[in-house]
Asker: 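Input: one structure, supplied below.
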Amino acid sequence: MEEIEHEEWKGNTGGTNWMHKSLIWIFAHVNLRLVYAFMAVFVIPFYMLFAHKGYISMYHFFRRRMKYGVLKSFAYVYRNHYRFGQVILDRFAVYAGKKFDFTIEGNDLFVNLCEQEPGFMVLSSHVGNYELAGYAFNAAKKKFNALVFSGEAKVVMENRQRVLGGHNINMIPMSADMSHVILMNDALQSGEIVSIPGDRIFGSPRFLECEFFGAKAKFPLGPYAMAARRKTELLALFVMKESAYHYRVFVRKINTDMTGLKRDEKAAQLAQSFASEIEDIVRRYPEQWFNYYEFWNDDKS
């Protein structure tokens, strides 16, 4: 299967398979907070010095979008890198058997759709720690099909399959020939749940422009065109880290009742609604915005 590539971001977890296996072993024997502390002192400064592209894009985000001052922006770049490191480490901690607590706001929205016969879509984003949603929700009544990057590291994919498989979650790898679209359509037709990222353009170059933090940004057309065409219910889901072992999950319903709109107009409105939901969450958790490239159109000029 040919993998999808993107000129501005990589979809795989950094490091070698040996490093990933070592992390799982460490989390099986070491307190999570100790690993956080080591990362804060030694790892994060290294990445801030040498991952310059990501550093600059995050600085632009805090200065231009959050309107922070210079010193506060630098401080939040560090906080962002530290929180991103925690989010990545938490995934490996789960593979090692560590447990996290979840407070879910809007769980009734998810449960109600699971009780109904039609399938529905869940939009994810590169905000917070979406992968842990698989451990927070009980999808026993409907199979949960999650679109994932096909070039992810081997150890990560194997452990995802091992852990998530027990939660009635099926992974659909993205492919350059767009065959994953057929699998997603089949899942929805069968009354299942389809989870798809709604904030990054991949595979197809088609996009929608949305108003986002006061400027235009490109969002992928595919998820919204699919929802508009199939007239499926649409949820937005955010998993936000609040402390070492606790996450707060937000489930938001995207309004799909747009009588009178043409299909392309409906897709555009769905995308704008999701962009607004992301902006609301990110303003509450600004250090958990994890798109390490120039996201806005005017950032590239």
Side-chain angles (χ1 to χ4, degrees), residues 13 23-24 27-28 32-33 35-36 83-116 119-149 152 156-172 184 187-188 191-199 223 232-254 274 277-278 280-282 284-285 287-290:
T13 305
L23 270 177
I24 296 172
F27 281 122
L32 183 60
R33 291 184 176 88
V35 184
Y36 286 169
R83 189 63 93 183
F84 183 63
Q86 288 183 309
V87 162
I88 295 299
L89 292 177
D90 287 356
R91 297 174 186 174
F92 287 93
V94 169
Y95 303 155
K98 289 285 193 296
K99 303 295 183 183
F100 292 89
D101 296 322
F102 299 93
T103 299
I104 304 176
E105 297 186 10
N107 187 49
D108 57 314
L109 297 172
F110 181 83
V111 171
N112 290 341
L113 289 180
C114 285
E115 296 286 347
Q116 300 175 28
F120 63 94
M121 294 174 62
V122 175
L123 292 174
S124 66
S125 61
H126 294 79
V127 173
N129 197 352
Y130 181 74
E131 183 174 324
L132 265 64
Y135 317 115
F137 288 93
N138 182 1
K141 294 188 177 182
K142 285 183 182 288
K143 180 179 286 186
F144 193 109
N145 299 274
L147 187 67
V148 298
F149 180 64
E152 183 57 278
V156 173
M157 290 296 287
E158 288 176 348
N159 280 278
R160 276 180 179 171
Q161 188 63 57
R162 174 179 59 83
V163 177
L164 295 177
H167 292 251
N168 200 26
I169 297 175
N170 173 55
M171 292 185 293
I172 300 177
M184 289 189 294
L188 289 171
E192 299 174 359
I193 306 167
V194 167
S195 170
I196 183 171
D199 64 334
T232 185
E233 295 286 352
L234 200 57
L235 297 179
L237 199 155
F238 307 96
V239 184
M240 312 307 293
K241 188 171 180 65
E242 292 193 330
S243 63
Y245 288 94
H246 183 261
Y247 280 85
R248 185 172 298 272
V249 183
F250 298 87
V251 183
R252 305 278 180 81
K253 190 177 188 301
I254 303 296
F274 184 58
E277 293 291 353
I278 296 178
D280 178 67
I281 290 293
V282 172
R284 295 176 64 172
Y285 300 88
E287 74 280 5
Q288 296 192 51
W289 167 260
F290 301 135

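Side chains included, hydrogens not; waters and symmetry mates left out as well; all remaining heavy atoms used.
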Asker: Kindly indicate whether the side chain of Glu192, heavy atoms from C-beta on, has any atom under 4.5 Å from the side chain of Asn170.
Answerer: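 Result no, sub-4.5 Å side-chain heavy-atom pair not found.
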
Asker: Measuring only between side-chain heavy atoms, which start at C-beta, is Pro197 closer than 4.5 Å to Tyr130?
Answerer: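 No; the side chains remain at least 4.5 Å from each other.
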
Asker: Would you say Leu23 and Tyr95 make side-chain contact, with heavy atoms under 4.5 Å?
Answerer: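 No, too far: nothing below the 4.5 Å cut-off.
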
Asker: At what distance, to the nearest 0.5 angstrom, does CD of Gln116 lie from CD of Glu233?
Answerer: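 Rounded to the nearest 0.5 Å, the CD-CD separation comes to 7.0 Å.
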
Asker: Between Glu242 and Thr103, is any pair of side-chain heavy atoms under 4.5 Å apart?
Answerer: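 In short, these two side chains do not touch, never coming nearer than 4.5 Å.
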
Asker: If you compare all heavy atoms of Tyr245 against all heavy atoms of Lys98, which two are closest, and at what distance to 0.1 Å?
Answerer: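 Closest approach of Tyr245 to Lys98, heavy atoms only: OH-CE, 4.2 Å.
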
Asker: To the nearest 0.5 angstrom, please state how far the CZ atom of Arg248 sits from the NZ atom of Lys241.
Answerer: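 The distance works out to 13.5 Å.
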
Asker: Counting C-beta onward and ignoring hydrogens, is there a side-chain heavy-atom pair between Phe137 and Val122 closer than 4.5 Å?
Answerer: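 They are not in side-chain contact.
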
Asker: Tell me if a side-chain donor or acceptor on Asn168 pairs with a main-chain N or O of Lys142 at a distance below 3.5 Å.
Answerer: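 Flag set: sc Asn168 to bb Lys142 pair under 3.5 Å.
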
Asker: Look only at the side chain of Asn129 and the backbone of Val87, and say whether a donor-acceptor pair between them is shorter than 3.5 Å.
Answerer: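 Yes, the answer is positive, given that a donor and an acceptor are paired below the 3.5 Å cut-off.
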
Asker: Please report whether the ring centroid of Phe238 lies less than 6.0 Å from that of Phe250.
Answerer: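 For Phe250 and Phe238, the ring centres are not under 6.0 Å apart.
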
Asker: Between Asn107 and Val251, is the side-chain contact (heavy atoms from CB on, under 4.5 Å) condition met? List the steps.
Answerer: CA-CA 6 Å; Asn107 187 49; Val251 183; 5.6 Å; no

Asker: Parallel, tilted or perpendicular: which describes the rings of Phe110 and Phe120, with under 30° parallel and over 60° perpendicular?
Answerer: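 Answer is perpendicular, since the angle exceeds 60°.
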
Asker: For residues Ile278 and Ser125, report the shortest heavy-atom separation together with the two atoms involved.
Answerer: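 Looks like CD1-CB, 4.0 Å.
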
Asker: Work out which heavy atom in Thr232 is nearest to a heavy atom in Gly119; give both atom names and the distance.
Answerer: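 Shortest heavy-atom contact: OG1-O, 3.2 Å.
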
Asker: When rounded to the nearest 0.5 angstrom, what is the spacing between CD1 in Ile104 and CG in Leu237?
Answerer: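 Rounded to the nearest 0.5 Å, the CD1-CG separation comes to 8.5 Å.
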
Asker: Report the C-alpha separation of Gln288 and Val282 in whole Å, then their side-chain angles, then the decisive distance to 0.1 Å, and conclude whether the side-chain contact (heavy atoms from CB on, under 4.5 Å) test is met.
Answerer: CA-CA 7 Å; Gln288 296 192 51; Val282 172; over 6 Å; no

Asker: Minimum heavy-atom separation for Phe100 and Ala244, please, with both atom names.
Answerer: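 The answer is CE2-O, 3.3 Å.
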
Asker: If I take atom CD from residue Glu131 and atom OG from residue Ser195, how far apart are they, to the nearest 0.5 angstrom?
Answerer: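 The CD atom of Glu131 sits 11.0 Å away from the OG atom of Ser195.
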
Asker: Test side-chain contact (heavy atoms from CB on, under 4.5 Å) on Tyr285 and Val127 and set out the steps.
Answerer: CA-CA 9 Å; Tyr285 300 88; Val127 173; over 6 Å; no

Asker: List the atom of Ala93, the atom of Leu32, and the distance in Å for their closest heavy-atom pair.
Answerer: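 It is CB-CD1, 4.2 Å.
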
Asker: When rounded to the nearest 0.5 angstrom, what is the spacing between CG in Leu147 and CE in Met171?
Answerer: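 Result: 11.5 Å between the selected atoms.
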
Asker: State the CE-CD1 distance between Met184 and Ile196, to the nearest 0.5 angstrom.
Answerer: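 Here the interatomic distance stands at 4.0 Å.
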
Asker: Looking at every heavy atom in both Leu123 and Gly198, which two are closest together, and how far apart are they?
Answerer: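 Of all heavy-atom pairs spanning Leu123 and Gly198, the closest is CD2-CA, 4.3 Å.
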
Asker: Measure from the side-chain N and O atoms of Glu277 to the backbone N and O of Ile254, and report whether any donor-acceptor pair falls under 3.5 Å.
Answerer: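 Flag not set: sc Glu277 to bb Ile254 has no pair under 3.5 Å.
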
Asker: When you compare the side chain of Val94 with that of Phe27, does any pair of heavy atoms fall below 4.5 Å?
Answerer: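 The answer is no; the side chains never approach within 4.5 Å.
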
Asker: In the structure I gave you, are the side-chain heavy atoms of Tyr36 and Asp90 within less than 4.5 Å of one another anywhere?
Answerer: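 Yes, their side chains come closer than 4.5 Å.
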
Asker: If the test is side chain to side chain contact (heavy atoms under 4.5 Å, CB included), which one of Ile193, Asn145, Val194 qualifies with Leu188?
Answerer: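 Looking at Ile193, Asn145, Val194, the match for Leu188 under the side chain to side chain contact (heavy atoms under 4.5 Å, CB included) is Val194.
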
